[in-house]
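Here is the structure we will look at, set down as C-alpha cells.
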Amino acid sequence: MSASKTRRILYLALPLILQQLCLQLQLWIDRAMLGHVNAAFFSAIGNTTVPYYMASSTITAIAGGTAILVAQNMGAANYEKVRETAQCSFLGSSILSCVAFLFFLCCSEPLFQVMGLQSPILEYSLSYIKILSFSLLILGPNSTATAIAQGVGCTKIIMISGVTGNLLNILLDWVLIFGKLGLPAMGIEGAALATVISNFVSGPILIGFVFCSRQMPVKLHITGSLDQQLRQYGNVLKLGIPSGLEYALWNFGNFILVSFLNRLNMTAAGIYTLVFSIETVPLLIYMGFANAGLTLVGQNTGARDPKQAQQAGFLCLGFSLIICVLIGSLFLLIPRQLLRIFTNDAETLATSVPYLSFIALGLFPKAINNVIGLCIRGIGDTRWMLYTQIFGTIFMISAGYILILCTPLGLTGIFITLIADEGLRSIANLLHFRSKTKT
C-alpha cells in the first residue's frame, strides 16, 4: 500500500486515538479518586458498568449503521443519500436514547437484585446509575453525529468534542467527589453527576459541527416529514440492529459472567473490573485504526474497489497488532505499578497482578475481532458479526459457568473463557473478511 494511503489511515485514526486516550485517562482518574474515598465504590461501578455499557454500546452500535451508509455513499459520490441517512438517524437515535433512559430510571433496582448485589454495594450502585442514566439522553444524537463525521472522514471534530468533555469531567470529578470550591463532597454520586454535565457540554459541539460546518459535504436540516424520516431510518436499522444485537449479546455474556463472580464473593467483580479497565488502554488505541478501517473499507466498497478495501483493512490490523505488542509487554513487565494507579490495597494488588498476564495474551485475538469486525461492517455485512457473537455468547456463558463455578479456577476461569472465545471468533472473522474482499 502506498505511503499516501498510510497517511490517510493515520489522518483518520490519530484523532480518534487521542480522544479515546483522553477518555481512558478520565475514567482512570475517576476510579482512582473514588477508590481512595471508599474501596467499595470499585464493586459498585463494576456492577453498574456492565448493564449501562450494554445499553450505551447498543445505541452506539446501531448508529454504526449510519457510519456505514454515509461512508459507502461518500465513496459512490451519492450526496443526497448521505443527507437522507444523516437526517433520519438523528430522530431514530433520540427515540432509542429516551427508551434506555426510562429503563434505567425505573428498573435499576430489580436489575441489580437479579445480578445478586447486596448492601452496601446495591445502594451505591443505585445512587450512581440513577444520575448517570441522564447521559443516555444525549448519547443517541451524539452517537449519530459521531457516525456521520466518521463516515464523511472528519475525525478531528470527534477528538475536539471528546477531549473537551473528558477534561471537563476530570475537573468536575475533583470538585464534586471531594467537595471543592465550596461544594459538598458527593462521593460516587459526584462522579456520576460530573459525567452527565460533561456529556451535555461536549455533545452539542459535535452535533453543531455536523449541522453547521462547511467541511460537511451536505447541508442537514432537522425539518421534514416525521413519517418519511422514520421510513428512511429503516435502512440504518437494517445495518445497525445486527451490530446493536451483537454488542448487546457480548455485554449480556459479560453480565452473566459478572453475576457468576458475585456468587464467589462481592469483591471478585471489582477485581475483574479493575483489571479490565487496564485492558481498555490498548483497545481504545487500536479502535482508532478499527474505525479508520470501517471508513476506508466502506468508501472503497461504495466505489466498488474490493482490493483497496482489503488492503486498508489489513494495514489497519497491522498497526493494531503493533500496539498490542508494545502495551502487552508493559502488562508483563510492570503489572503492579500499573495497578497501583487505582488502588493501594495490598490484598487487591496481590490478587490482581497475575491476571495482567492473561490480559496481555488476550490482546491479540481481541484486536483481530475488533479491527476486522469493523472492516466487515464497512463492507455492509453486519449479520456475519451477529452470527459469530451468538456462538460467542453461548460459549462464554457455558464455559464461564463451568470454569468459574464448577472448578477451583474461580476468578481465573473468566479470563480463560474470554481468551478462548476471542480466539475462536478471530479466526472465523479473518477468513470471512478475506473471502468477502476477494477480487
To the nearest 0.5 Å, how far apart are CZ in Arg377 and OG1 in Thr382? 8.0 Å
Verdict with reasoning, Phe104 to Leu132, per side-chain contact (heavy atoms from CB on, under 4.5 Å): CA-CA 9 Å; Phe104 280 106; Leu132 183 66; over 6 Å; no
Leu363 CG to Leu283 CG distance, which is reported to the nearest 0.5 Å: 9.0 Å
For the student: nearest non-hydrogen atoms of Thr66 and Ser89, plus distance: OG1-OG, 2.8 Å
For Ser435 and His432, indicate whether the former's side chain and the latter's backbone hold a donor-acceptor pair under 3.5 Å. yes
Going by heavy atoms in the side chains, are Val325 and Phe364 under 4.5 Å from each other? yes
Short side-chain to backbone donor-acceptor contact, Asn73 and Leu69, under 3.5 Å: yes
Taking only residues two or more places apart in sequence, or in another chain, which ones meet Phe209 in a ring pair (Phe, Tyr, Trp, His ring centres under 6.0 Å)? none
Taking it one step at a time, do Thr295 and Gln299 satisfy side-chain hydrogen bond (donor to acceptor under 3.5 Å, both in side chains)? CA-CA 6 Å; Thr295 299; Gln299 291 179 354; 5.9 Å; no
NZ (Lys156) with more than 12 external heavy atoms under 6.0 Å: no
Between CE of Met216 and CZ of Arg83, what distance do you get to the nearest 0.5 Å? 10.0 Å
Do Gln389 and Arg425 come close enough that some side-chain heavy atom pair is under 4.5 Å? yes
Contacts of Phe252 that satisfy ring pair (Phe, Tyr, Trp, His ring centres under 6.0 Å) - sequence neighbours left out: none
Would a 4.5 Å heavy-atom cut-off, applied to side chains only, mark Ser93 and Ser143 as touching? no
Do the two ring centres, one from Phe211 and one from Phe90, sit under 6.0 Å apart? yes
At what distance, to the nearest 0.5 angstrom, does CD1 of Ile368 lie from CG of Leu321? 5.5 Å
Cut-off 3.5 Å, side chains only: do Tyr52 and Ser133 have a donor facing an acceptor? no
Do the non-hydrogen side-chain atoms of Leu96 and Thr58 ever get within less than 4.5 Å of each other? no
Do Glu422 side-chain atoms and Ala367 backbone N/O form a donor-acceptor pair below 3.5 Å? no
Verdict with supporting geometry, Ile379 and Cys375, side-chain contact (heavy atoms from CB on, under 4.5 Å): CA-CA 7 Å; Ile379 297 170; Cys375 291; over 6 Å; no
Is there side-chain contact between Lys307 and Thr437, with heavy atoms separated by less than 4.5 Å? no
Leu356 and Val275: CA distance, side-chain angles, deciding distance, side-chain contact (heavy atoms from CB on, under 4.5 Å) verdict: CA-CA 7 Å; Leu356 284 190; Val275 176; 3.9 Å; yes
Counting distance only, does the side-chain N/O of Thr393 pair as donor-acceptor with the main-chain N or O of Leu249 below 3.5 Å? yes
With a 6.0 Å cut-off on the ring centroids, do Phe314 and Phe433 count as close? yes
For the residue pair Asn262 and Val258, establish whether any side-chain heavy-atom pair is separated by less than 4.5 Å. yes
Modelled atom types, side-chain donor and acceptor of Ser426 and Asn369, under 3.5 Å: no
Specify whether Phe289 and Phe319 have parallel, tilted or perpendicular ring planes, treating 30° as the upper limit for parallel and 60° as the lower limit for perpendicular. parallel
Between the side chain of Asn169 and the main-chain N/O of Gly165, is any donor-acceptor distance below 3.5 Å? no
Heavy-atom nearest pair, Leu330 first then Leu338, reads O-CD1, 4.0 Å
Contacts of Leu237 that satisfy side-chain contact (heavy atoms from CB on, under 4.5 Å) - sequence neighbours left out: Ile62, Tyr233, Ile241
Which heavy atom of Tyr247 sits nearest a heavy atom of Ser57, and at what distance? CB-OG, 4.0 Å
Could you state the interatomic distance from CG (Leu409) to CD1 (Ile414), rounded to the nearest 0.5 Å? 12.0 Å
I would like to know whether Gln87 and Glu84 meet side-chain contact (heavy atoms from CB on, under 4.5 Å); could you show each step before the answer? CA-CA 5 Å; Gln87 290 178 171; Glu84 292 176 358; 5.8 Å; no
Would you mind reporting whether Leu193 and Phe134 have side-chain heavy atoms less than 4.5 Å apart? no
What is the minimum heavy-atom distance between Gly362 and Ile419, and which atoms define it? CA-CG1, 4.0 Å
So do Pro242 and Met385 actually touch side chain to side chain, heavy atoms under 4.5 Å? no
Mind checking whether Tyr401 and Phe260 have parallel, tilted or perpendicular rings, split at 30° and 60°? perpendicular
Considering all heavy atoms of both residues, which atom of Ser97 and which atom of Ile59 are nearest to each other, and what is their separation? CA-CD1, 4.1 Å
Minimum heavy-atom separation for Ser198 to Leu168, with atom names? CA-CD2, 3.8 Å
Flag for Tyr272-Asn254: side-chain donor and acceptor within less than 3.5 Å: yes
Please lay out, stage by stage, how Tyr355 and Thr412 fare under the test side-chain hydrogen bond (donor to acceptor under 3.5 Å, both in side chains). CA-CA 7 Å; Tyr355 295 119; Thr412 304; 3.2 Å; yes
Interatomic spacing from CG in Leu296 to CD1 in Ile9 - rounded to 0.5 Å: 5.5 Å
